[in-house]
Amino acid sequence: MHVDRPLSIVLAEDGVLLREGLAGLLNRFGHRVVATVGDAGGLVEAVRAHAPDIVVTDVRMPPGFTDEGLRAAVALRSADPRLPVLVLSQYVEQTYASELLDSGDGTGVGYLLKDRVGDVEEFVDALLSVAAGGTVVDPEVVRQLLRRRRDPLERLSPREREVLALMAEGRSNAAIARSLVVSEAAVGKHIGNILTKLDLPPAEEDHRRVLAVVTYLRG
């Protein structure tokens, strides 16, 4: 399943050399890069201004260089589930990758790791497939997401599981520290690690503790 016509493309990549290189590559293949941007805000504005056939975006962008590009892609797909989006990344950002792949009806979306795109033709083939409504996902992305969905608690150390079990009983940090005969500072560090490893969304800490406990009970 491929599109057999030139595409209008919004390209979001904070690295100038890579951004210009990709734009030149796509133009050489007969497609039209209608906007190149270097941050997530610019991506959203460019999509609104140009209504492209497809968005190609990196994950990490200013100002935080974490997952701004991917979060913008998820927001764009939420606003228009029919908008094809192809994400290129150095790594698998599991939380928002899941949201992106679940957005709309799961069609017209792709997530490729940059260092696993073997050649130019492979990349352009993936672009055309996503633009036509296909789903293209790097095998490594699939592997990590399946592992995460199977049991998110697998990533916790034995001590972190102990702490989480006590959190599920409703104990305070001080009570957990007394039970495990460790300092409150150590408990706080364990809880921070738990929240990070479970990929819980940013929120007030009390709310994140509740989400962590829910994850534990599901496991």
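All residue numbers in this chain count up from 1 along the given sequence. All values below come from the heavy atoms of this structure, side chains included, with hydrogens, waters and symmetry mates left out.
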For Gly192, is there any backbone N or O sitting under 3.5 Å from a side-chain donor or acceptor partner on Thr196? yes
Looking at side-chain heavy atoms only, is the closest gap between Glu121 and Asp125 below 4.5 Å? no
Do the side chain of Ser8 and the main chain of Asp53 share a donor and acceptor less than 3.5 angstrom apart? yes
Is Asp58 close to Leu18 at the side-chain level, that is, under 4.5 Å between some pair of heavy atoms? no
What pair of heavy atoms forms the shortest contact from His190 to Glu160, and how long is it? ND1-CG, 4.1 Å
Side-chain contact test, heavy atoms from C-beta onward, threshold under 4.5 Å: evaluate it for Glu68 versus Pro63 and give yes or no. yes
Quick one: does Ser103's side chain have a donor or acceptor within less than 3.5 Å of a partner on Leu100's backbone? yes
Checking Leu166 against Val187 for the side chain to side chain contact (heavy atoms under 4.5 Å, CB included) test, could you report, in this order, the C-alpha distance in whole Å, the side-chain angles of both residues, the deciding distance, and whether it holds? CA-CA 11 Å; Leu166 293 170; Val187 170; over 6 Å; no
Would you confirm whether Arg77, through its side chain, and Leu83, through its main-chain N or O, come within 3.5 Å as a donor-acceptor pair? yes
Donor-acceptor check, side chain of Ser179 to backbone of Ala175, threshold 3.5 angstrom: yes or no? no
Separation of Arg161 CZ from Arg155 CZ (nearest 0.5 Å): 11.0 Å
Is any side-chain heavy atom of Asp80 closer than 4.5 Å to a side-chain heavy atom of Val47? no
Which of these, Leu25, Val10, Asn27, Leu7, sits in a side chain to side chain contact (heavy atoms under 4.5 Å, CB included) with Val33? Asn27
Heavy-atom distance under 4.5 Å between the side chains of Leu88 and Leu22, does that happen here? yes
Heavy-atom closest pair (Ala97 atom, Leu70 atom, distance to 0.1 Å) is N-CD2, 3.6 Å
Ala72 to Val44 - nearest heavy-atom pair and separation: CB-CG2, 4.2 Å
Least distance between heavy atoms, Thr107 atom then Thr135 atom: CA-OG1, 3.8 Å
Hey, does the side chain of Arg19 reach the backbone of Glu13 with a donor-acceptor pair shorter than 3.5 angstrom? yes
Closest approach of Arg159 and Leu180, non-hydrogen atoms and distance? NH1-CD2, 3.2 Å
Would you indicate whether the side-chain heavy atoms of Leu26 and Phe123 approach each other to under 4.5 Å? yes
